[in-house]
4 protein chains.
Amino acid sequence: MPKIVDKKQMRQNILQAALQTFVKYGFHNSTMAKIAKEAGVAKGTLYLYFESKEALSIAFVQGYFSKLEALISQQGMAYSLDSFINQLQKTLLVNREQANFIPVFFETFGPSFKDKAFRDTIAYSFDKIGIFYTQNIIELIKKGELNEDINPHALGRVLISMLDGILLHYGLFSPSQSEYEKMVEESLALLKRGLV
Amino acid sequence: MPKIVDKKQMRQNILQAALQTFVKYGFHNSTMAKIAKEAGVAKGTLYLYFESKEALSIAFVQGYFSKLEALISQQGMAYSLDSFINQLQKTLLVNREQANFIPVFFETFGPSFKDKAFRDTIAYSFDKIGIFYTQNIIELIKKGELNEDINPHALGRVLISMLDGILLHYGLFSPSQSEYEKMVEESLALLKRGLV
Amino acid sequence: MPKIVDKKQMRQNILQAALQTFVKYGFHNSTMAKIAKEAGVAKGTLYLYFESKEALSIAFVQGYFSKLEALISQQGMAYSLDSFINQLQKTLLVNREQANFIPVFFETFGPSFKDKAFRDTIAYSFDKIGIFYTQNIIELIKKGELNEDINPHALGRVLISMLDGILLHYGLFSPSQSEYEKMVEESLALLKRGLV
Amino acid sequence: MPKIVDKKQMRQNILQAALQTFVKYGFHNSTMAKIAKEAGVAKGTLYLYFESKEALSIAFVQGYFSKLEALISQQGMAYSLDSFINQLQKTLLVNREQANFIPVFFETFGPSFKDKAFRDTIAYSFDKIGIFYTQNIIELIKKGELNEDINPHALGRVLISMLDGILLHYGLFSPSQSEYEKMVEESLALLKRGLV
DNA sequence: GATGAATGAGAATTCATTCAT
DNA sequence: TATGAATGAATTCTCATTCAT
């Protein structure tokens, strides 16, 4: 009789250990040995759950962006421009803690950007968020809250790109807390005026 | 007398070869051997011009961002909101060709993001561009072309972050030409309305 | 369960292979690859047992001198001048076979002499032998067999230095068998007369 | 017309530079580049005066031991046991400053010990010193100062070996000044009693 | 299922030597 | 003669992956 193991749970354990190891050592000093140790299993065991280090990394990033999508989508449809701007603000601020993971992300997955499948995975996440924004925009136009000249589809994708730019610069270049707050404030004011 | 060599030129040759090798193989498959071969010199020669692979990489990225800064700064001060928006557009479009380098950039320098010195190098470039935008904004406020509520300092930095976000998504996720054009158009319209 | 290995035994195997490789090729032509081949394992395996080539070398020399110390110390306390001289003779003659290792030793560890830790390791071995001789001398003085003017502490250390000099010259410069025997005979006679 | 260069002088300069470089960096960090720099010439120039690094090293050690021989031989024939012991003492003490070079010597030439030619060079030096001692011993026997049972030939070679042992241990293991003085004193007393 | 010892391809770096100037 | 840029063989060490137990 084989040992009873929750495969899903084990994969999660390992992915969690991978995250911790990546954050602690950076991706390139995170050997399979270290990840195994962090997960409390043997090196060989890793290969029972993930085909290769690459597969593990891909699974890891997929999990990461899934959570991100969920986080944004769960915010529900905005009922007014103010509430929409509010949502954008939350996106910028909610993720602040995660910002520290951004450099680790690039350190970890920078090399994966040469892989089209990898990029498509992330693109897909951003597309979904962009579409979510687009839906919000459409609703708000219907309500007469937004400028009618707007192309909702393009703008949805633009918005998430812009916010991502701000978040990235925050995470990567670590401006001071107050500087960042001014940037958030200023960018939201700009977007609000632009959207009316 | 030993061979007479233009050291500056040789460094440039090597950096150029590095770029080509990075693009061809990706950074992590770009061994010093391959770079040397691409440059048409022996492995050891690389070490006469760069202390290590890391040093070569750093020099490479510094060169890259220097050119970027120069490109943007040379645009001169804007005399009207329209001309400023025009500049931003150029920045988004001028760099389109370079966009193909963005995934290579992350593949190449992703791992370098764990290095504070490296990040500071890039941050410095963006800060300079942000300041350049800030100066433009100040001038345009004086001329009464822009909304007086604006905080020029924060907004300058916000603008480059936002544009960078758009460029990054363009380079990384390769939307179609027409999609991207719509995104540029829409984002500039948004910014213009927001700035007035 | 992974392969079951006697780690101690494996270390010994590797050290033995190192010795053979050193003798065959000389230390500086003894690459880790050659040692691995001699040991019948892969290069990487060496690094499971020794952190670096240097660590392997240090372990090797420590093992060598441990055996030397043991060999001399096991001789037990001398009960008369003659028996002491006899011990010294054994030291000079017992080690004759090992003498062939002396040039290899210098070839191997010459470069290690710049390392204080390394020298201290050897110094410690000789000090212990010196102390052992000192104890013998003290006993023999008590018995009235030796000259009372002797400083036993200094003389113990002197004796091992002198014997080492003779052994070194034997090992390094390979006088003929008969020449060496005469040297041993003459040196022991000299020492005996000097000790009375 | 070729430049007028004193080849001999240039060789000496280079050997001197080699010595300084060896002492400063140890042999294995003394690259031809460093030696050249120390000598104030270009790397290529070294090869005009010495065929290879090995040749340079061999020439260096030959020079070193020639001086050593000269130093000892110039002491002249001893006229009494006391004066002979005095000579030995000088040998032990004169060389004290040079003792610091002993670890460098092994670091430098350790690897050369696998080379028979190299060892023969040194052996030859010691043989000559041994013969010099033998001559002294013969003279002193004739004068009735020494024990008649002595085999002068063997003893000459033994003496230099013993003294070398003491010097080596001094240079390598750096006992304190006072410890060494006691060792010298004790060894000379021992030898004197043994020689009578 | 789990383990971890063994593997060996692969990479960065060094440096004695050469040779065009 | 003198130079020093260029060379490339050689070496140490790493680590993803395999597989006997």
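Every chain is numbered from 1 and lettered A, B, ... according to where its sequence line falls, protein lines coming before strand lines. Because the structure is a prediction, the values reported are computed rather than measured.
Candidate nucleotides E/dA16, E/dA5, E/dG8 were compared by shortest atom distance to the side chain of A/Lys43, and E/dA5 ranks first. Counting only heavy atoms from C-beta on, A/Val41 has its side chain closest to E/dT3 among E/dA12, F/dT12, E/dT3.
Under the 4.5 Å side-chain criterion, counting only non-hydrogen atoms from C-beta, D/Gln62 is not in contact with D/Ser125. Counting heavy atoms from C-beta outward, A/Asp6 and A/Met10 have side chains that stay 4.5 Å or more apart. Two residues are said to be in side-chain contact when any heavy atoms from C-beta on lie closer than 4.5 Å; C/Ile122 and D/Leu172 fail this criterion. At least one side-chain heavy atom of C/Leu168 sits less than 4.5 Å from a side-chain heavy atom of C/Phe106.
Using cut-offs of 30° and 60° for the angle between ring planes, the D/Phe22 and D/Phe60 rings count as perpendicular. Note on ring orientation: taking the six-membered ring where Trp is involved, the planes of D/Phe65 and D/Phe105 are perpendicular (angle over 60°, cut-offs 30° and 60°).
What separates CD1 of D/Ile14 from P of F/dT3 is a distance of 10 Å, to the nearest Å. Rounded to an integer number of Å, the gap from D/Asn13 CG to F/dA2 P is 12 Å. Atom CD1 in B/Ile35 sits roughly 12 Å away from atom P in E/dA11 (whole-Å rounding). Straight-line distance from the CD atom of A/Glu54 to the C1' atom of F/dT17: 14 Å, rounded to whole Å. As rounded to whole Å, 11 Å separates atom C1' of E/dA11 from atom NZ of B/Lys34. The distance between atom CG of B/Asp6 and atom P of F/dA5, rounded to the nearest whole Å, is 13 Å.
With B/Thr45 contributing its side chain and B/Val41 its backbone, the two residues share no donor-acceptor pair below 3.5 Å.
For A/Met32 against A/Leu56, the heavy-atom pair with the smallest separation is CE-CD1, 4.4 Å. Residues B/Thr21 and B/Lys34 approach most closely at CG2-CB, 3.9 Å, considering heavy atoms.
Comparing B/Ala42 and C/Ala33 against DNA chain F, the residue whose closest nucleotide sits nearer the 5' end is B/Ala42. In terms of position on DNA chain E, the residue among B/Met32 and C/Lys7 whose nearest nucleotide sits closer to the 5' end is C/Lys7. Both B/Gly44 and A/Gly44 sit near DNA chain E, but only A/Gly44 has its closest nucleotide nearer the 5' end.
DNA chain E is contacted by B/Tyr47, B/Ser52 of residues 45-52 of chain B, taking any non-hydrogen atom closer than 4.0 Å.
Secondary-structure stems of DNA chain E, taken as three or more successive Watson-Crick or G-U wobble pairs (i with j, i+1 with j-1) under a 3.5 Å distance threshold, comprise E:2-21 with F:2-21.
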